[in-house]
Amino acid sequence: MEKDTGLLLYRNMLLIRMSEERLAQSRQAGLVYGACHTYVGEEAVATGVCAHLTQADMVFSTHRGHGHALAKGVSPFEVMAELYGRETGCSQGRGGSMHLFKPEVGLMGTSGIVGPCILQAAGAGYTFKLLGKPNVAVAFFGDGASNNGAFHEGINLAAIYKLPVLFVCENNLYATEVPSAYASGNPDIYQRAIGYGIPGVKVDGNDAWAMFLAAGEAVRRARAGEGPTLIEAKTYRTRAHSEGMRDVGYRTQEEVEAWKARDPIKLLRDRLMGEHVADEDDIDRIHNEVGALVLDDHNHAASSPMPKGQDALRHVYFEGA
Amino acid sequence: MEKDTGLLLYRNMLLIRMSEERLAQSRQAGLVYGACHTYVGEEAVATGVCAHLTQADMVFSTHRGHGHALAKGVSPFEVMAELYGRETGCSQGRGGSMHLFKPEVGLMGTSGIVGPCILQAAGAGYTFKLLGKPNVAVAFFGDGASNNGAFHEGINLAAIYKLPVLFVCENNLYATEVPSAYASGNPDIYQRAIGYGIPGVKVDGNDAWAMFLAAGEAVRRARAGEGPTLIEAKTYRTRAHSEGMRDVGYRTQEEVEAWKARDPIKLLRDRLMGEHVADEDDIDRIHNEVGALVLDDHNHAASSPMPKGQDALRHVYFEGA
Amino acid sequence: MKELTYTVAAREALDEEMARDPRIFVMGEGIGKRGGNFNTTLGLYEKYGPTRLCDTPISERGFVGLAVGAAMSGSIPVIDFMMVDFILDAMGEIINQMAKMQYMSSGRLRMPMVLRGCIGIGGAAATHHSGSYYSIFSNIPGLRVIVPTTPADVKGMFRTALRGNDPVIMLEHKNLLSNKGPVPDGDYTTPFGQARIARAGKHVTAVGVALTVQKCLQAADQLAKQGIEVEVIDPRSTSPLDIATILQSVKKTGRLMIVDDAFEPCGFGAEVSAQVGTHGFDDLDAPIRRLSGAFAPTPYSPPLENEIVPSVERIAAALGELVKE
Amino acid sequence: MKELTYTVAAREALDEEMARDPRIFVMGEGIGKRGGNFNTTLGLYEKYGPTRLCDTPISERGFVGLAVGAAMSGSIPVIDFMMVDFILDAMGEIINQMAKMQYMSSGRLRMPMVLRGCIGIGGAAATHHSGSYYSIFSNIPGLRVIVPTTPADVKGMFRTALRGNDPVIMLEHKNLLSNKGPVPDGDYTTPFGQARIARAGKHVTAVGVALTVQKCLQAADQLAKQGIEVEVIDPRSTSPLDIATILQSVKKTGRLMIVDDAFEPCGFGAEVSAQVGTHGFDDLDAPIRRLSGAFAPTPYSPPLENEIVPSVERIAAALGELVKE
Ligand SMILES: Cc1ncc(C[n+]2csc(CCOP(=O)(O)OP(=O)(O)O)c2C)c(N)n1
Ligand SMILES: Cc1ncc(C[n+]2csc(CCOP(=O)(O)OP(=O)(O)O)c2C)c(N)n1
Ligand SMILES: [Mg+2]
Ligand SMILES: [Mg+2]
């Protein structure tokens, strides 16, 4: 493992983790108005994938999108301000947790509806093909989304047009409380790739390095004009589906603990240290840097102004360049 | 091959063929008002499947549905009268070619929209499961439909609930003029069954006996509570997509001729005769019987009354038992 | 009579009808053991088991289409959508299949089924969880569209839906769910197409729909102090629409305002206005007014969200002005 | 000026704009080599190739969603639906994504894209190939809905759509496709939200939409012989709706009828009626009338199909009566 890359992955995962934990606290404190789906436990997926992307590459995400936004380069400040309903948020307070937009860095949107991101990523891939751009588009979505018609139509379309797209299914075993083993005739989502004639890859979604490698190959294929890849990242969310929701009755405490023991941040740290790629100091430095950044961004976000009511009517239609 | 079954399949295929050829003529003569998608060349599929069904089993079909209706026991008279817009048609003149209904014999409807029949068959399967009935539901649809989200969602639902359903994909290589080899990332539709954890079976859709056997096993599974089967019948329509449509530019004459040489009726006759299951007399008798029936039904249909205008407003809502 | 919340009243109807009729089953995401995101099916899984309380994948189009086939073949499906916003992926099945099936089959198939879901703006749910869409459904022949506002009505109308033969869309405003109200004992049903006079008055007629009925009542309370008597009408179903009750009220008041927090153009208010404009032309002493939600997607942040729906204050002010016209 | 059919005029707009702007591409079933079921793209495949004239699987939701992503990322997609009926499977993508994207992104994303499809009842197409749905689309903020009736308008408005930044639904009535009419030379555009006075008159105003504009003109011809001068207005777009032109006409005539062969409740006619009822209240000498298609799915057989749409005769009779009121 390369030190720079290893530490970058570590830092970015930690940035997501600390931001999410802060958001969870903020929600309890009443600073978050609507829903709040955290990415805690799944950080390796977005981090491993986005490490290969430039700002001109595009990410399309879903309701559990904070991690994707942060990994794609939206600042914790802009994400937190958005959830706090502030005019400084990445969606100017219009969206909250499920509608994060920052096209300037290629975060093309998260969505409160499950499914569309798969299609939209194919669409960005189509633009890249049409306009001859060297970019890739990524859709992040859950196991639940894989049973939606958008999955079928979107991946098939991308396959037949050989579009530069990564379809990254974050299989965290549940859609809210419905187990994917119940909801999917075949819970090995990656095998569905057979039906579309494209590669389907199963990855340990808690292993940042494995994610990084798998995504690297898929990005390479995409940029080389070889078409899309379906990546199934087997992972787990260790917090409730949404902050404030009851988290019992559908999964066992043992299951949660077993996955916590495989925490992606911990796993990567163990590996960095175990392989002597990094030492305690490196890790501490990152923790300090990220901790300070997140705290700062939170404070700044929490003291940002609310949007003005009359702005609610703007941008329904194009208003000029 | 059993003689009774062999001849029954032969007769039913011929009934479809002769009815379709009559409808094609009638359309030229101006007796058919709207679209007219014939089933010529694909008769073995519906015939082989429906031979296993009782009236309480249910068929859900698509725009190319004449053959399914006839195979399920709707009379040529009722189908022709419907296309001629008569009040005696199986849909009382409300539907035409793409909206054939005769729930009394388990023909639950054909549809002008591609896709829904897949879902509705799953729904009938659900009723059978809920009410403890020993029946099966069948969805017939094209290769084109297999790229629609309804295919994905419907088959997955039937798979996870283990519903008694046959999903019969009639892969005739084209959706209108779009080749399935172009439109499907993997044109072997049956392989998509892997994604749902159910059996996917490839059958020569021009071989009535092969269809009969494959459907028999799928029906057995369904009735035994073992869940749905996806059957891909490789077949071909030898007439235009719809009567009156141009039929050039998207397929070669050689291809059409090659498939015509494998005409399912001819293939079955050759086999019946070749294996000495039936003789020339048996075949002639069937031709005479079916020919007379179709002519009679056509005459009767063509002289049936038109519906009355004011009836157009009936049955929008339930009108009482 | 007992006091129940809206949600509990609806659940009682479902429970009682499921006990009566084994053909009824419920499908939705998390409506099994979990009991529904809004407790719509709490406790029913234990009673009726997994086939009748059936959890689904996120396949909205799929299970609506499945339910269509189930109704065609003799079941009575209830689809619990959680939020009505998710229904849009199933519009093809709803409009082209469910709504048309009785017609296409010349009445030989019946379509007893209910699609239910929460509607409305509120709680910073943002634009993918704040839709309403009754206006759209009311444009479609073959559908019944009900928007009960009280616990008594939701119970009685849900029962009517479950005993009927037409497909019904039942829309429950999320801000009404925890409201309590008296619910009659026994086996009553509440018909569709019969409006309720929620408050009698003589100076102006206010027609609301779902939550805005309640807001109109609050506005009427305020105006009563100024001597203005508002007649508040709750249509209870938008299709069929009981225009007769509204016309009768306008005959008395001469003035009509329709208050709707959903989108205005081609909406429910337009339909009421058009019908009253035609059939109550001579009764009108002033132009009909509509007070509607902003023609914009729903923003998240409270100051933005508040801006786009008619508040009680704005309703009261508008009614006050209309009386003076 | 030259004489072109509606279809050819629309195709010219597409061809010329595609030549100007390499970001435009077309998707649909059979719109490539085949040139479209209605010849909407005939000859363009040879000119622009398979990436810009892209045949699709039967994945309506999929390719609308794809087009949304394409527009978000800098292309200008045109989706050719053949029949608008097939659009319903994509309603979620249209309403929750396409229409809301500019809003959700605070105007940072633009959504230049066009969904086009044929509408209308006729030719025994039966209920799955006879829908219209402009009323439903007009209820949704963020969409532009255009229903051009003449070759000149379809060319000018399609061009406007392709040069704009908002998502446009362009609905082409199938019975207008082979109509010929004069089309201006050169690079003209026709704005949205500007109605056309298709015929001037002073006794009564008739507002049609798509095919019924033509039917109103025929009815007006008949009535002219009886000395009744009908002013016929073609709104050209239902969203935005140019109510000013209609109000001005009603100021002159005092009478208004909206003729629409689609479903009446919460429809286009209701919206026009509501707005004129409010803003033209004092100008009205008689109640506004709506003459609409039957509230029923579309049957196949000609005697049934004829029954459910307003004929020229029925329009003329209704206008004649309204003038006497
Ligand atoms: C079309 C649609 N249906 C239902 C919902 C409600 N919903 C929100 S999140 C969720 C579960 C999603 O599961 P999955 O795709 O596995 O993602 P995860 O939450 O596990 O990351 C559901 C059902 C929705 N947002 N959109
Ligand atoms: C949802 C939908 N999209 C498009 C159409 C138009 N259409 C009618 S038949 C057809 C091709 C169907 O192909 P396939 O499913 O392979 O059936 P086949 O005609 O080959 O039997 C198309 C695109 C439709 N009826 N429904
Ligand atoms: Mg999940
Ligand atoms: Mg085909």
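Throughout, a chain's letter reflects where its sequence line sits, starting with A, and its residues are numbered from 1.
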Close side-chain approach of C/Met83 to C/Lys174, heavy-atom, < 4.5 Å: yes
Student check: side-chain heavy atoms of A/Val40 and A/Glu42 closer than 4.5 Å: no
Interface moiety of [X] toward chain C, non-hydrogen atoms closer than 4.5 Å:
X	result
A/Ser111	both
A/Tyr33	both
A/Glu87	neither
A/Tyr182	side chain

Test item: side-chain donor near acceptor, C/Arg34 and C/Asn39, under 3.5 Å: no
Any donor-acceptor N or O pair under 3.5 Å, side chains A/Ser75, A/Glu78: yes
Contact winner vs chain A - C/Ala296, C/Gly32, C/Pro302, heavy-atom pairs under 4.5 Å: C/Pro302
Choice from A/His99, A/Met306, A/His315, A/Arg314 maximising heavy atom contacts with chain C below 4.5 Å: A/His99
Heavy-atom pairs under 4.5 Å with chain C, option from A/Gly144, A/Ala175, A/Gly93, A/Ala35 with the top count: A/Gly93
Residue C/Asp55 versus chain A: region with a heavy atom under 4.5 Å: both
Over all atoms of both residues, closest heavy-atom pair of C/Ala126 and C/Ser130: O-OG, 2.7 Å
Nearest-0.5 Å distance that lies between atom OG in A/Ser184 and atom CD in A/Gln191: 11.5 Å
